[in-house]
> 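Structure below; questions to follow.
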Amino acid sequence: MRNGGIPARIVALLALFCVLLAACGGSNTGSSGGGSSTTPTAQTPISVALVTDIGGLNDRSFNHLAYVGYTKAMNEFHFTRQVIESKNQADYVKNLTLAARSADLVFAVGFLMQNAVDQVAHQFPTKKFAIIDGCAVPAGKQDCESLPNVAPLFFKEQEAGCLVGAIAAQMEVDGKTKISQLRGHNTIGAVGGLPIPPVTRYIAGYKFCAKKVDPSITVVINYSQDFAATDKCKDAALSQINQHNADIIFQVAGGCGVGALDAADQAGVFGIGVDADQNYLHPKSVITSALKKVDVAVYDTINDYAHGKFTNNPPRFDLAHDGVGYGTLSSVVPADAKSKADQLADQIRAGTLVVPENIPS
Amino acid sequence: MHEQEKTPLAQAADPDLAASPYAVEMRDICKAWPGVVANDHVNLRVRQGEIHALVGENGAGKTTLMNILYGLVRPDSGEIFVNGERVHIGGPRDAIRLHIGMVHQHFMLIPPLTVAENIVLGQEPGGPMAAYDRRRARELVLQLSARYGLPIDPDARIEKLSVGLQQRVEILKALYRAADILILDEPTGVLTPQETYELFDVLRVLSRQGKTIIFITHKLREVLDLTDRVTVLRRGRNVGELVTRETNQTEIARLMVGREVLLRVEKRSARPGPVVLRVENLHARSDRGLEALQGIGFEVHAGEILGIAGVEGNGQSELVEVLTGMRRATAGRMTITHTSGEQAGKTYDITGMSPREVRLVGVAHIPEDRRGSGLVLSDTIENNAILGRERWPRFAWARFILRLREIAQWARRLVGEFDVRTPSTRLPVRALSGGNQQKVIVAREFAADPQLLIAAQPTRGVDIGAIEFIHRRLVEQRDAGKAILLVSAELDEIRSLSDRIAVMYEGRIVDIVTPEASEEELGLLMTGGRPSEASREEQAQATGDS
Amino acid sequence: MALQTAQPRSPTPPALETRSTTLLLWLRRVGSGLGRPLLALALALIAGLIVIMITASGSLFDRFNAALLAYGYLFSGAFGNAANLSFSLVNVTPLIFTGLSVAIAYRARLFNIGAEGQFAAGAILAAFVGMKCSTWPGWLLTPLMIVAGSLAGALWGGIVGLLKAWRGAHEVVTTIMLNWIIFYVSDWLVSGPLQAPGQADQTPSMPPQTNLPKLSVLYNQTLGHFLPTISQPEQYVVDVGFLFALVALVAYWFLMSRTTFGYETRVVGENPRAAQYAGISVKRNVVLVMALAGLFAGLGGTLQLMGQYPYEVVGQVFRNDTTGFDAIGVALLGRMTAIGIFLGALLFGGMRQGGSLMQLKANVPGDLVYIIEALVLFSIAVRFLPVIRQALVKRFSAARQPTVVAALAGGVVDLDQAPANGAEAPTMNDQPLSESGRAALADDGSGQAQTPAQERQHQQNGEA
Amino acid sequence: MFWPIFLRVITSGDLWQASLQFAALLLLPALGGVISERSGVVNIAMEGMMLIGCYVGVAVTLASHSVLVGVLAAIIAGGLLALVHGVVSIHLKADQIISGIAINVAALGLTNYLNIVQTGGQGIPSLAFNLRLPVLSWGPLAQLPFLGQVLFQQNVVFYLAIVILLGLQFLLFRTNLGLRIRAVGEHPQAADTAGIPVRLIRYACVVASGLLSGLAGAFLALGVAGTFNPNMTAGRGFIALAAVVFGKYTPLGAAGACLIFGLGLALSVRLQDTGIDSNLLATLPYILTIIALIGLVGRTVAPAADGVPYEPGSAE
């Protein structure tokens, strides 16, 4: 061992760990996380747990929004933070079980947990469950099972999609003369992550209402096949912009979709955010966002529960119940586009307009 | 390069200035590996300008000592003086700075690179950050090669060179680094007699130019031929420092081995029986697609040893591979005839058979590169004892489930009969010494009771004791009526064991002679020619090989 | 080597060995076999402790407590009670199968990064069969699905072997490519041809007659008639797939150490030239081994599908699943032995399960579990024991007693004197163990991790 | 229906522009892989090094308001992680594959964890335009039909990658240092006896691979995406690894492999217009790679001592 004296080895070993530790330590100085220091006070103490799906807490989508609502409630009702991020589909049942054992109200985030919620809810009849984007579905069945301790929190993404679709289409109608950045090909685009229901519902509403505003409009749809690889969404959006002259791009791809908004911004056209209000990403070019107020739903559910009003039949989070909507409008959005959206929103609330769940051809 | 111009003269000028009169002095060197002591207070003193032999059996600690001197191994304790000054050698870079050069037993050459690249590597013209200057490197190599009379083609790739030429590159590499002290580790093991003589000439010239040479070997004749003084090591200790002129082969051998050594194999004359192996017009290609065998034909009889002599790389390896089914013959025919006593039995055509089938027909094979292909070093002795025969009914039910008890018994039998020194048959073969590893193979192949035994370089890298043993067994097998094909690069071995000697050159059998043929005669046959032409051809090959 | 050495075989020691040397050798092997992974684990846990302490808040003491608390949850979450243990075993089952897949390939010195893909191939084909023949009776459909899934895995692995044997395509490249291909293909199937009607991108649940029973339920139905029954068997979710995994472990052990196939595979892996010499077809073996590796992984995927609620394949599941990659750690941690793979799978499966409870209760972010996992892997990778031994040698070499030093370092020097006939005149070669052998014995680990190339390199170092 | 769209797609500058960009993203870590493997250290951790580069690049850019500082930090972060790999595999002679896996796992965990701590889960905002790595437009050249879009409107890192590619090819095969690197990878003992510092060279090469991967991370996060996302590399480091082997361990070969792969990626989005299922199209780059591996390249020979820790004058 000519070159490797013992001290060198030990130093090397230490260095190895230090690099890892330094990274961890450095971050902590920035903003100290952790919620363990909150001390529960008065009120009837409640115990709430949140189980994410494989997207994890920072998915820029519903997991994140659920956590936002959860945190808000946590600060208000002073319960201990109990969160599990699932790493694997096989983890759902066991994570829900663990959560149910230690908390009284358990949130399951994502439609992929439907079967798991059903099983665990049967096992823990005294505990309450709420599932976002889904309901308790027994394995092998198609339909929801109504259980007294499970609150299904459904959203009508298509209605949100409809509103932003209407805004986009109206802007196209207004055309190049009014909005100079448009390319004048009467074409808008949507970039989805994967063609799965929560994604396609948004796009269905988007296309449906865009066509409703302007039947001659072209809507191009692409999927990046990924929710994380930002550059793939960016490429998809760019291809829509460059090849089809699309000038408003609706992203429905979580973290990946941030790239689509970026592409639009760079190309000098417009983007539409999804789930959360994503105007903050590009205040100018992100003309609006299709909102899915998961945070509101989570907070409301906890609030109801804390006041003893848990129901297994919560309202559907649609426009009428302010569960979906559109977000901050950028300054470039003309008034007629906004009024068009509001007009459609009224029709939907009134029930005179029903937005389909499947993408119209 | 510039260093090289001045140093030899500068060194030679002041022999008496130093506190130690020696070019190299190593004092009380100790080095232990986990589980073994390689050097135990070893001393070595080498005078300026002499050729000093370092001898000992395999495992005596010679290479470790030289690796310490070259900075490849750090001693646990001890002191090193070079030209009288105490030095610390922390790595080859220090050694090179002290003008020490080493030609390793296993060449330290990089096969895919050219001769010039290998020689200048590490001290390229222009320094590390510069672009590689092919022309300048070439020039430097040619200058060097002219100065020392070591012709070489600087643009040839190492992998295409003969072993002798590779060695030449190694020497040039050391000289390029301005070595004054040249260590050669077992340099003759791979050379023909002629190449050996040439090497000796070169070394004598270098010595006369003032270079100090340390020559590691276990071949005693070379010690007597070439060197001025001898240091003998045994099991990591000094056992003698002798002046060559005042000693003899027997004394050195006794010091090396620690007992009297029989230097000749005793055998009766052969009583050949019927033909066992018949080879007709055999052709085959080498890995590189060249015609390695060009119409080989010979016969081996029961009860005789046919030796195949030749410089390595003339088709011997390919011949053995074809015979054992490891390589396809492109043309020709091979047959094995079973014999019992004087009776010839059934004949099998083994052309195109797989190694497994060939083995079933009754061919045993001691491969040339035993660690490389004859053994699985990480596996136990038991498992190695059935290598190639693992599906035989006695070792496996339905050719699938191993009969462990049988295998263990078999392994114990081999270990017992062939005196493999091991505390357990369940040790990995890697744990055995080279000689004992070789014995595992010999035992396995002999014990299968073959019709034909092919032994390729059966004693390469093995210490004297094991050599004696293996030779004795080969002769025993012959006397028991087996046909034996012996392929060896050691001319001494071929001459002392064979009943007939076939000499191979460039894929052909040049001649089949009796063992009484002189070394010179064999040497000439091995280079494919008659006395006068041969030396010229050798020259031509050395320079013109591009 | 490690596989054989783990179990002492014959009760009667062979002629040349004495009982004491056998015992000594065996103890050394067991010791060094267990020592390294345990040391690795201990070091990783200490490092993880420091990581948690850094990220926790409060005084040093508080931080230390927080870290201990986290570890407490990590352990109790994994093995703390029967229900948690059963969850852990659910994780362990696929890890065993994929771990075996990696290990089998590694025996032939092939690096199977494709266990996840083979796992997916098995599950998806089994799902296909289950769906298309959903009306068939369970006694027929269940084995059919298992066979189909295994064969799909075998095919997916076999392709790698074929490409390697015929075209020399490097298995690392092809397995990575085939992984992604099967991930996308299964996504396509799940969102298209195999999609459950009216559902998101997932297949329907497999027909109930093919669902594998839970171990607890099975116990109650069989042994429970005679022995005390388990109350609330539903909460112990581990299914009979775990038994299959145990059987697979035994099968692997038998195949590798008791059959000519295992023997020849080992030869191919350790020394391809020796395989050629022995007449063992390297190409054929490579294909077979990869197919077998795929078969195990595919079986794992199938049994997970059939054994665990909700008995269906969901979109995107495989590409987010790390089982096939964890399996590499499991196999290497277990040093390719059956028992080692079992323990390694237990560790990784337990850690995954315990990690959830640790997140929930100790507020340690889930991603820290990754970091601890990485630290475990680092510790496995680094050979600490030789480092420590080196330190010992250095310390003692000052005493200028090479023999003593060597004895301390090697620990097997006494074997020199051990042979029964050792007292006789040391005739030819009174050095039964070469130093490389000693090194190999002294550090069993190095023997395991050595590649053939390394072996060659060692040879080139020449005699010492 | 298929062929007209296919023709339109394949002849559009947009496709080739995207292909080259995807290829450049893969090329940087692949070049890192080449240099590391050439020196005899197997590096399968480009994925983790890239991911760390992404995160650190974005975080530091946000903190320092300077993209240059961010890029430098990303490069250094990749290098540091590579240094860990170097210490573990060169000095401690660990199994290089396990070490690589560990680094990938650690990088994933670390970046996710830090991202949550830093943003509380909301995610990092998009970077302002002046905090990005800019796209270079080569004046009149950029206006050329087709070629202008494909070659002269790329991110600044794209051109840097080309320079590095050519530089590395030259370095490895035309300079003294390259000769030494190859010697170390082929036969470390020989290199050592020739006085070449084997470990130093290996360290340098491994760290270089980290630097390049870090740069690739910066390119991805600061050049293309403009933000950080958890696991945003999404397996790219492994594809780069495949490109290294596929490209026969030469920079130019790896570049060719990356190009094939980039083309596959870009095509898979654009051919969705033909109505072929997007999932099946997504397999395109992988299938292309396998076909190329079977048909065109065949056997690749790794440097002889690749993956073997060097033990000078070791105890055998």
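Chain identifiers are assigned alphabetically (A, B, ...) following the order of the sequence lines, protein sequences preceding nucleic acid strands; residue numbering begins at 1 within each chain. Source: prediction; values computed, not measured.
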> Given heavy-atom pairs under 4.5 angstrom as the criterion, report whether the side chain, backbone, both or neither of B:Pro125 touches chain D.
backbone
> State which residues pass side chain to side chain contact (heavy atoms under 4.5 Å, CB included) with D:Leu151; sequence neighbours excluded, sorted by chain then number.
D:Leu20, D:Leu147
> Under a 4.5 Å heavy-atom cutoff, which of D:Ile196, D:Asn176, D:Thr175 has the most pairs with chain B?
D:Asn176
> Picking from B:Ala95, B:Ala137, B:Gly101, B:Gly127, which has the most non-hydrogen pairs under 4.5 angstrom with chain D?
B:Gly127
> Quick check: closest heavy atoms across D:Ala183 and B:Ile110, and the distance to 0.1 Å?
CB-CD1, 3.3 Å
> Among D:Leu171, D:Leu177, D:Leu179, which residue forms the greatest number of heavy-atom pairs with chain B at distances under 4.5 Å?
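Among the listed options, the one with the most contacts to chain B is D:Leu179.
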> Could you tell me how the ring of D:His91 sits relative to the ring of D:Tyr203: parallel (under 30°), tilted (30 to 60°) or perpendicular (over 60°)?
tilted
> Non-hydrogen atoms of chain D under 4.5 Å away: do they reach the side chain of B:Leu109, the backbone, both or neither?
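Contact with chain D involves the backbone of B:Leu109 alone.
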> How about residues 33-47 of chain D versus chain B: which residues have heavy atoms under 4.5 Å apart?
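So far as heavy atoms go, nothing in residues 33-47 of chain D approaches chain B to under 4.5 Å.
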> Can you tell which of B:Asn39, B:Ile68, B:Val42 makes a side-chain contact (heavy atoms from CB on, under 4.5 Å) with B:Met26?
B:Ile68
> Enumerate the residue pairs fulfilling salt bridge (Lys or Arg N to Asp or Glu O under 4.0 Å) with a member in residues 115-134 of chain B, sequence neighbours excluded, ordered by first and then second residue.
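Every pair satisfying salt bridge (Lys or Arg N to Asp or Glu O under 4.0 Å) with a residue in residues 115-134 of chain B: B:Glu124-D:Arg180.
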> Could you tell me which non-hydrogen atom of D:Tyr159 sits nearest to which non-hydrogen atom of D:Leu136, and how far apart they are?
CE1-CB, 3.8 Å
> Show the nearest heavy-atom pair for residues D:Leu211 and D:Ile75, with the distance to one decimal.
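Of all heavy-atom pairs spanning D:Leu211 and D:Ile75, the closest is CD2-O, 3.3 Å.
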> Pick one of side chain, backbone, both or neither for D:Phe170, based on which atoms fall under 4.5 Å of a heavy atom in chain B.
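Side chain of D:Phe170 only, per the 4.5 Å heavy-atom cut-off to chain B.
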> If every non-hydrogen atom of B:Arg168 is compared with every non-hydrogen atom of B:Ile152, which pair is closest and at what distance?
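For B:Arg168 versus B:Ile152, the nearest heavy atoms are CD-CD1, 4.3 Å.
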> D:Phe219: which residues meet the ring pair (Phe, Tyr, Trp, His ring centres under 6.0 Å) condition with it, sequence neighbours left out?
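With neighbours one apart ignored, the set is empty.
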